[in-house]
Amino acid sequence: MKLFVSDGNPHCLKVLAVAELTGVKCDICHASDDERLVPFLSHPVRPVLLLPCGQHLFKANPICLYFLEVSGRDVCDLTSQWLEWEAAELQVYLTFHCVPAFDVHLFLVDKLQCVARWFEQVNALPVCQTVAQRVQQQKSLESLKRFLQKQPLPPARCRNAPLCNRAEEDAEREMTDEEIQAAGATWSRGLADRPTPAERRHPILPQEGKRNVLITSALPYVNNVPHLGNIIGCVLSADVFARYGRLRGWNALFVCGTDEYGTATENKAREEGLSPQEICDKYHAVHASIYKWFQIDFDHFGRTTTEKQTEIAQDIFWRLYDRGFLIPDTVDQLHCENCQRFLADRFVEGICPNCRYPEARGDQCDKCGRLINAVELKDPQCKVCKRTPVVRSSAHLFLDLPKLESQLEQWLEQSMSTGNWTSNARHITRSWLRDGLKPRCITRDLRWGTPVPHPDFSGKVFYVWFDAPIGYLSITASYTDEWEKWWKNPEKVELYNFMAKDNVPFHSVVFPCSLLGAQDNYTLVSNLIATEYLNYEDTKFSKSRGVGVFGDMAKDTDIPSDVWRFYLLYLRPEGQDSAFSWADMALKNNSELLNNLGNFINRAGMFASKFFEGRVPQMELQQEDKRLLAQVGFELRQYIQLLDRVRIRDALKCILNISRHGNQYIQVNEPWKKIKGGDEDRLRAGTVTGVSVNVACLLSAMLRPYMPAVSATIREQLCAPANCADAMFQGAGSFVCTLPAGHRIGTISPLFQKLEAEQIESLKRRFGGQQVSARRFSFLGGLPTSANPERAKQLLQEVAEQGDRVRALKAQKAEKTLITAEVAKLLQLKKQLAAAEGKNPEPSPQKGKKK
Amino acid sequence: MALMELASLEKSLGFKKANKYSTQGNNKTPILQSNKGAPLIGLVTIASHLVQEAAQPELLGRTAEQRAVVRQWLEYRVTQLDGCPKEDIRSILKELNQYLEDKVYLAGSDFTLADILLYYGVHHIMADLSVQEKEQHMNLSRWFDHIQHYPGIRQHLPLVVVLRNRLYTGGHH
């Protein structure tokens, strides 16, 4: 044990006395007052006891009590009480009220004789005498005085005082003088003569001399209602980037659409008694309306079920075939005799041959992630009828990936090194390559899909992962006949693909191989942006279990679309998975949107409105105003650099930083007070107001990609000129004065509403999954509990018959009311079937494309 | 207020009947009238006494060293945290944050009265911190969130939302 003491310190006196008294063995070291012995304390303290276990004790009284305990003495309540009083009250009084020593002595002797007597007695104790001598040495009063002077100021006992002075942030960047002057110079450039940006004119085609950017978002599968994770991973991210690109003056085209072929649609059609095309029409509209609500600004939102798709896909197919990149082979597949069809991968369930997970699906095991063939599953079962399927062989075509491997690698080398690929995309791609590429089957025995044109394979369709990415091309083709100017123009076009990480291998390996093999100068992806997963409150989104918010439900929450956008973008799972949390959403809305952003913009506008008759006042910039300009300019340049590299989440932080600086600026300068002062003060108030309003205008531009409606509202309220964003986003970004003195602004009103706790609680309950949403399962009257296999078999038969009946009626074009009635009956039967099988009526697929 | 804290502490310790307290002085130092004679004065003294009464002495520390550490943080609470001026809050948060870097609880790996009283004492500060500030003091926030969720501890205090998702990076590893 080591005890560190210093001169003139009465606390050390205390501790030494007790050490002496108890005879505890410890090394006594004299350390200068400036040495910091305890690593986590901000100021050096004495005495410090270094315990054998490595812990530091930095308070005198606990040290004393420790000595007492260790030497076997008891510590009673009364002792503790006195020590608490001594530390909390006496020390404070004696130290801070700096009563000269002899005054105290006189006072004691005079008025408090008991205390005086007690003091004399204690002082006379031998232990005290020895210790007093040791500590005092020669310069007793001097060192005591020095010690007292170093004590921190007296506590104000103001428990409810406003807290942390946010003006000092440790991570703040200091602005140099040059930067400050430069900011002032940039500011005074104003809008110069920048032309107003032209309206968008369709069709958008690549142009000479401009940066041509083609942006795609992974095509959502039509059958699934997208949940928040789907939305942030794909369309919302792409939308922010597209909006930003347009503000930067790039020539950008943003396309997307629904992916409509595949077995899930076929099954859904069978279930609902509609044709696959009708199902697609219905659900495409659902997707389109959801994305419209989220303000996703596609240049074109199409579908994969078009003639163009068939045309382009078959063209690529033939080119691959003619160049020898397709290998025919027979494949053993699982055929369900009962359902009379070859089972698609997702309709087989069994035990994974690799990790023994009992619910592995036919193309990929959910648990270990390994890609498998359905025939490899142990104990396979048809998911629909639960029967064991038989193995039958069927002829198929395979894309010879190994043959294309070296070409692929060459291209990847170039693309990854010059383009923006997220690290998970690089990682996943490299591991695919490392595992060695194998030929992949690109055909399937299904009816609903793009037909394989080769006569030997008639009756088959293309496998979704060959076919769907071609959807990007066909959707562009349905947008403009000159689609090849985008898709066969790698020199002039930069292609950005946005997706969630499970889609990466198909976009970085399979599809590029198809295009490389077709040898038609196709544009390949130069920037692959993949996100991780978004979870919902510690669990996964699940439509069947009613867990989580789905796109169609968001608008029923009364929370505005822009707030949803903000929160999802703030949560954008970039480096790792993130989790949606209602409580967190409310927190972010209230603290960042309302108190930080909204508060600043509103205050700035209100001051101009109230005190300056709705006009931007005269501004005479002083050093500190220019410092603010420099700070804001720095954040703006950061924002541009980050968004150029698709760091969407980080760029959002820049916006909030600027607004924070703005709030501090107003706080420090108190324009509401200065406005009541003399001329000079009023000028200050005017300058501060004017600068703040201009910062608000900049914020509206920076917010545009993230929260378009809010941005438009701010622009309206400030009557901002249309070329603001354009002017400030050129090059590396410059913060200029967009609203000069005299500019008239409009009516200012609050931008955001507080999200109350009760509101959040009730939303959390609604989407938590315990109570299933009434709208979907109202005819069920509660969750099914027990399974009834006998009844299930019977119902299966009835469902099949009813389904046939409905199809027949439709083919005959019978009366509408009749058809509707029969369809309703069919749906009822299916719900009952599900109940009898003991499961929820919608065995819907999990996130991502699994077919 | 010290009285509310003591009432909450009693509940956490499982007291069926609440004691009656009075106060003295400008600082409203709490006093517990005991039937055994002299009254007990002072938050730390009374709290320690309650712990003994509830037969949970381990809450004061299991070893002599741990007891010393617990006493130290209790004193810290009463002398440095309570009524500390605006300018010092920053350094207090930093100190606690750095101290808690490698510890689950203030006394190391055992939950003690020090955690309870320091939680009460720092609550109003934590409640007013911005998102960024909470992130800057990650260890403190982590400890705070842990204690406020500890069964029976939060009692009269509102839950402070400690973030799940970080917006600002840097400043912590």
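Order of the sequence lines sets the chain letters (A, B, ...), proteins ahead of strands, with each chain counted from 1.
- If you check the side chains of B/Lys103 and A/Gln55, you find no donor sitting under 3.5 Å from an acceptor.
- Of the possible donor and acceptor atoms, one in the side chain of A/Glu84 sits under 3.5 Å from a partner among the backbone N and O of B/Thr45.
- Interface check for chain B: of the options A/Tyr66, A/Phe40, A/Trp85, the most heavy-atom pairs under 4.5 Å are formed by A/Phe40.
- Looking at B/Gln80, only its side chain comes within 4.5 Å of chain A, counting heavy atoms on both sides.
- Heavy-atom pairs under 4.5 Å with chain B were tallied for A/Leu57, A/Val70, A/Leu49, A/Leu51; the largest tally goes to A/Leu57.
- From B/Glu75, atom CD reaches atom CG of A/Asn61 across 4.5 Å, with rounding to the nearest 0.5 Å.
- B/Arg67 has its side chain within reach of A/Glu69: a pair of non-hydrogen atoms, C-beta onward, lies under 4.5 Å apart.
- Minimum heavy-atom separation, B/Ala68 to A/Pro62: O-CB, 3.6 Å.
- Interatomic distance, NZ of B/Lys134 versus OG of A/Ser591, reported as 8.0 Å (0.5 Å rounding).
- Both the backbone and the side chain of B/Ser91 come within contact range of chain A, with heavy atoms under 4.5 Å apart.
- With a 4.5 Å cut-off on side-chain heavy atoms, A/Lys59 and B/Thr79 count as touching.
- Evaluation of the side-chain contact (heavy atoms from CB on, under 4.5 Å) rule for A/Ala757 yields no partner, not counting sequence neighbours.
- Both the backbone and the side chain of B/Leu43 have a heavy atom closer than 4.5 Å to some heavy atom of chain A.
- Counting heavy atoms from C-beta on, the side chains of A/Gln81 and B/Leu40 come closer than 4.5 Å.
- With sequence neighbours left out, the side-chain contact (heavy atoms from CB on, under 4.5 Å) criterion links A/Leu50 to A/Lys2, A/Phe4, A/His56.
- Although no hydrogens or angles enter the test, the distance criterion places a donor-acceptor pair under 3.5 Å between the side chain of B/Gln72 and the main chain of A/Phe58.
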